[in-house]
Structure formats: C-alpha cells, structure tokens
Amino acid sequence: VPLVESGGGLVQAGGSLRLSCASVGRTFSTYGMGWFRQAPGLEREFVAAISWNGGTTFYADSVKGRFTVSRDNDKNMLYLQINNLKSEDTAVYFCAAPPRHATIDTTPVRKSEYHYWGQGTQVTVSS
C-alpha cells in the first residue's frame, strides 16, 4: 500500500485537525489525489480532491468552507485541514490516488476513478 494516512484523533466539536497522507515507494506528484471518508454503516464518500499542481480543488458540499486540501509534491505529501468539526464528520478518512494510466490533467472526484487507497485514519468528534 503506497499511501499512509495519519493525524486522526478524538476532538471536540468546533475543533480542528490536520490529516496527512504520505506516499511511500512511489510518487504521485503528477496525479490528482483525493480524500474520502466512511462512517459506520455508510458508503465511502468523496470529501475533497486536488489537481497534480494544487491549482484546482473540489469539495463535497458538506465540507465546503471548513475543509482545505493541499499538497507538497517535494515531500510526496497530501494534507486535509479540517476546521469547525461537527459530529457528522466522524468517520475513517482515506486518501486515494488514481491508477498509473490516469492523465495529469484530471482531478477525480468519483470513488471509482481511484485505485490506490491508504488504510485510513479515524476522526471522532465529540459533542
């Protein structure tokens, strides 16, 4: 698994977290990448995506204005800054990268467009 997430934890509502995703063994600097989350009993859902150079970002409506996706290609790192956490943000958060044949100018937002997934990091928001 070439992706490893970290930074999750237990936080009070209104608090903040910064999730990180490290690519191990290969670079994803020429690919758009994304964040997804999965709450218990629910489908894995799109959270945010960022183009290969960081110039384009997409967000789910439920997180706009509170979440910020960014990347540092020199360090092979992807980040998700989460502010003003709500109880409904409780989930396992996954970073994802598309398959090798993906083109540089795509920024996938659908789960089916991604091939590589990390193991996830748990975010729990207490009210």
Side-chain angles (χ1 to χ4, degrees):
V1 178
L3 299 173
V4 180
E5 303 94 338
S6 62
L10 174 63
V11 63
Q12 288 188 331
S16 298
L17 281 174
R18 188 193 195 203
L19 307 184
S20 299
C21 172
S23 63
V24 180
R26 62 165 293 193
T27 178
F28 291 101
S29 60
T30 57
Y31 297 94
M33 295 187 70
W35 286 97
F36 289 75
R37 67 186 180 185
Q38 187 167 15
L42 299 180
E43 293 283 326
R44 191 171 299 188
E45 65 174 2
F46 170 76
V47 173
I50 186 168
S51 61
W52 71 275
N53 63 354
T56 300
T57 56
F58 298 103
Y59 297 94
D61 289 342
S62 59
V63 307
K64 282 180 181 176
R66 300 188 298 120
F67 290 21
T68 302
V69 59
S70 62
R71 65 191 300 164
D72 184 336
N73 286 341
D74 290 337
K75 298 180 179 178
N76 284 329
M77 294 293 294
L78 178 71
Y79 304 101
L80 186 68
Q81 178 68 40
I82 307 175
N83 297 327
N84 190 20
L85 277 157
K86 304 177 180 181
S87 58
E88 53 263 41
D89 295 321
T90 295
V92 178
Y93 285 71
F94 300 88
C95 65
R100 292 177 182 268
H101 58 74
T103 58
I104 193 172
D105 59 348
T106 60
T107 306
V109 297
R110 291 190 294 266
K111 186 171 56 177
S112 60
E113 297 177 285
Y114 286 91
H115 179 73
Y116 297 98
W117 297 86
Q119 82 290 347
T121 185
Q122 176 71 47
V123 172
T124 303
V125 183
S126 62
S127 56

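The CD1 atom of I104 lies 7.5 Å from the CG atom of N53; values are rounded to the nearest 0.5 Å. Summarising the geometry, atom OG belonging to S51 is positioned 12.0 Å from atom CE belonging to M33; distances are rounded to the nearest 0.5 Å. Atom-to-atom distance recorded for F94:CZ and T121:OG1 is 9.5 Å, nearest 0.5 angstrom. Here the OG1-CD distance, from T106 to E113, works out to 7.5 Å after rounding to the nearest 0.5 Å. The structure places SG of C95 at 11.0 Å from CZ of R71, a figure rounded to the nearest 0.5 Å. With values rounded to the nearest 0.5 angstrom, I50 atom CD1 is found 11.5 Å from W35 atom CH2.
By the neighbour-count criterion of 12 heavy atoms within 6.0 Å, atom CD of E88 is densely surrounded, having more than that number from other residues, nucleotides or ligands.
Inter-residue side-chain proximity for F58 and V69 is flagged as unmet; no heavy-atom pair is nearer than 4.5 Å. The shortest distance between side-chain heavy atoms of Y31 and H115 does not fall below 4.5 Å. Taking 4.5 Å as the limit, every side-chain heavy atom of Q81 sits out of range of all side-chain heavy atoms of S70. In this structure, F28 and L78 have side chains that are not in contact, with every pair of non-hydrogen atoms separated by 4.5 Å or more.
Counting all heavy atoms, side chain and backbone alike, V4 lies closest to Q119 at CA-OE1, 3.7 Å. Residues G32 and P98 share a closest heavy-atom pair of O-CD, 3.0 Å. Closest of all the heavy-atom pairs between T30 and W52 is C-CB, 3.6 Å. The two residues L3 and Y116 come nearest to each other via the heavy atoms CD1-O, 3.5 Å.
One hydrophobic cluster, built from ILVMFWY side chains closer than 4.5 Å, cannot hold both Y79 and L85; they sit in different ones.
The aromatic rings of F36 and Y114 sit perpendicular, their planes meeting at an angle over 60°, well past the 30° parallel limit.
Under the side chain to side chain contact (heavy atoms under 4.5 Å, CB included) test applied with R37, the options D89, L19, V123, L80 reduce to a single match, D89.
With hydrogens and angles ignored, the 3.5 Å screen pairs no side-chain donor or acceptor of N76 with any backbone N or O of R26. Although no hydrogens or angles enter the test, the distance criterion places no donor-acceptor pair under 3.5 Å between the side chain of E5 and the main chain of C21. Judged purely by atom type and a 3.5 angstrom limit, T90 uses its side chain to pair as donor or acceptor with the backbone of V125. Side chain of Q38 to main chain of A91: no donor-acceptor pair is present (N/O by atom type, distance under 3.5 Å, no hydrogens or angles).
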